[in-house]
Amino acid sequence: MMSSVTGYMTLEAREIDLTILEIDGAPEGIVYITDPHIQATNIDHVQAVIAEINRLEPSLVLIGGDFVTGEEEDFALQGVWGLLDVPTYAVLGNHDYRVGTNGTTGLERTLATRASTTLTTDYYDVSALNDGSADTAFAEELIATLEENGVHVLRNEYVRITLEDQEIVIVGVDDGWAGMADPPAVPDTDAFTVYLIHEPSCRADWDADLILSGHTHGGQFLLPVIKQLNDRGSIELAGLFDADGRTPTYISRGICSADLAGVDLRFNCQPEIVLINPTDEQLLALEEPIDPIRVINKT
């Protein structure tokens, strides 16, 4: 019985949902992914994700951090991002700084975030989390590899780009758990503005059209009672949260998982690619999804 359950959870970790997200005013055809946690045991899965992204021919790819597990001796596997053939922007996550990468240290960071940070737009301060534990040399080497492979890492900075005659402002906030988050001042603009930040618990209610984050893996093992709490907004693990007039935030389930003994496992919580405002051409492509891609709709 146990082996069959484990087998099912292993299979689910390799079946990818393609979530369609309709956001008023956003440029068409943007793909968002997060939490690849690339290692030898899942590189084929990541390659399949990249193949599907390329098949969709997006206007832009955004990545929400945690490129690594934090146990790497080199970053050779990160060369896979060179297969993407569209502009790509990203932020780093806690694993990319080797901070809070296991249950004990993750809980410590969660509690410290609640107790020692200020997360308002007027005064944003996570410096108490910058306690010297972040491996900045590791992160710098990772960034160099990502940049060599076409991934532009934003560290408390923003860029303005034009997609099909529509301007978009992409604001990248560095990792909160590492104490590196220091949101930049962004000029007032009518352009669609999206913030990337890895941990949703480290976001503020920024003056933006959309915030994209990850980190949670959607809960990874989403038992019915947890799903109900998430759907009611009592906890925030996965999906779109925009209650009480707050800046809409989409928390992705990610494309890979925190592994157990080298095996990715999920339950009721499949990995996902997020497609924002698909084009007509992308919708046609989605009429014939390829294995192991499963298309779902979500507003």
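A donor-acceptor pair is defined here as one N or O able to donate and one able to accept, closer than 3.5 Å; no such pair exists between the side chain of Arg266 and the backbone of Phe221. Side-chain N or O atoms of Glu140 include none that pairs as donor or acceptor with a backbone N or O of Phe138 at under 3.5 Å. In this structure, the side chain of Thr145 engages the main chain of Glu141 through a donor-acceptor pair within 3.5 Å.
In summary, the side chains of Ser133 and Asp131 do present a donor paired with an acceptor at a separation below 3.5 Å, with no hydrogens or angles considered. Side-chain N/O atoms of Asp125 and Ser127 include a donor and acceptor closer than 3.5 Å.
Within the 4.5 Å cutoff, side-chain heavy atoms of Cys256 are placed close to those of Val46. Inter-residue side-chain proximity for Pro36 and Trp81 is flagged as met; some heavy-atom pair is nearer than 4.5 Å. Side-chain contact between Glu52 and Ile16 is absent, with no heavy atoms from C-beta onward closer than 4.5 Å. The closest side-chain heavy-atom distance from Thr110 to Ser201 is not below 4.5 Å. At least one side-chain heavy atom of Pro184 sits under 4.5 Å from a side-chain heavy atom of Val171. When side chains are defined from C-beta on, Asp35 does not count as touching Ile255, because their heavy atoms never get closer than 4.5 Å. No side-chain heavy atom of Thr249 sits less than 4.5 Å from a side-chain heavy atom of Leu240. The shortest side-chain heavy-atom distance between Val159 and Val169 does not fall under the 4.5 Å cut-off.
Only one option out of Thr101, Thr104, Leu129 pairs with Arg109 in a side chain to side chain contact (heavy atoms under 4.5 Å, CB included); it is Leu129.
Leu275 contributes atom CG, which lies 4.5 Å from atom CD of Gln282 (distance to the nearest 0.5 angstrom). Put simply, CD on Glu28 and CD1 on Ile23 are 13.5 Å apart, with the number rounded to the nearest 0.5 Å. In this structure, Ile50 CD1 and Ile33 CD1 are separated by 6.5 Å, a value rounded to the nearest 0.5 Å. Annotation: the span from Asp174 atom CG to Asn156 atom CG amounts to 5.0 Å, rounded to 0.5 Å. Rounded to the nearest 0.5 angstrom, Cys202 SG and Met180 CE are separated by 13.0 Å. A distance of 12.5 Å separates CG in Asp205 from OH in Tyr124, rounded to the nearest 0.5 Å.
Under the 4.5 Å side-chain contact rule for hydrophobic residues, Ile197 and Leu92 do not share a cluster.
Within a 6.0 Å sphere centred on CG of Asp188, heavy atoms belonging to other residues, nucleotides or ligands number 12 at most.
Between Arg253 and Asp17 a salt bridge is recorded (basic side-chain N to carboxylate O distance below 4.0 Å). Arg203 and Glu236 are joined by a salt bridge, as a carboxylate oxygen and a charged side-chain nitrogen come within less than 4.0 angstrom of each other. Using a cut-off of 4.0 Å between Lys/Arg side-chain N and Asp/Glu carboxylate O, Lys227 and Asp231 are scored as salt-bridged.
The aromatic ring centres of His198 and Trp177 sit 6.0 Å or more apart. Taking the six-membered ring for Trp, His217 and His37 have ring centres closer than 6.0 Å. With ring centers used as reference points, Tyr32 lies 6.0 Å or more from Tyr89.
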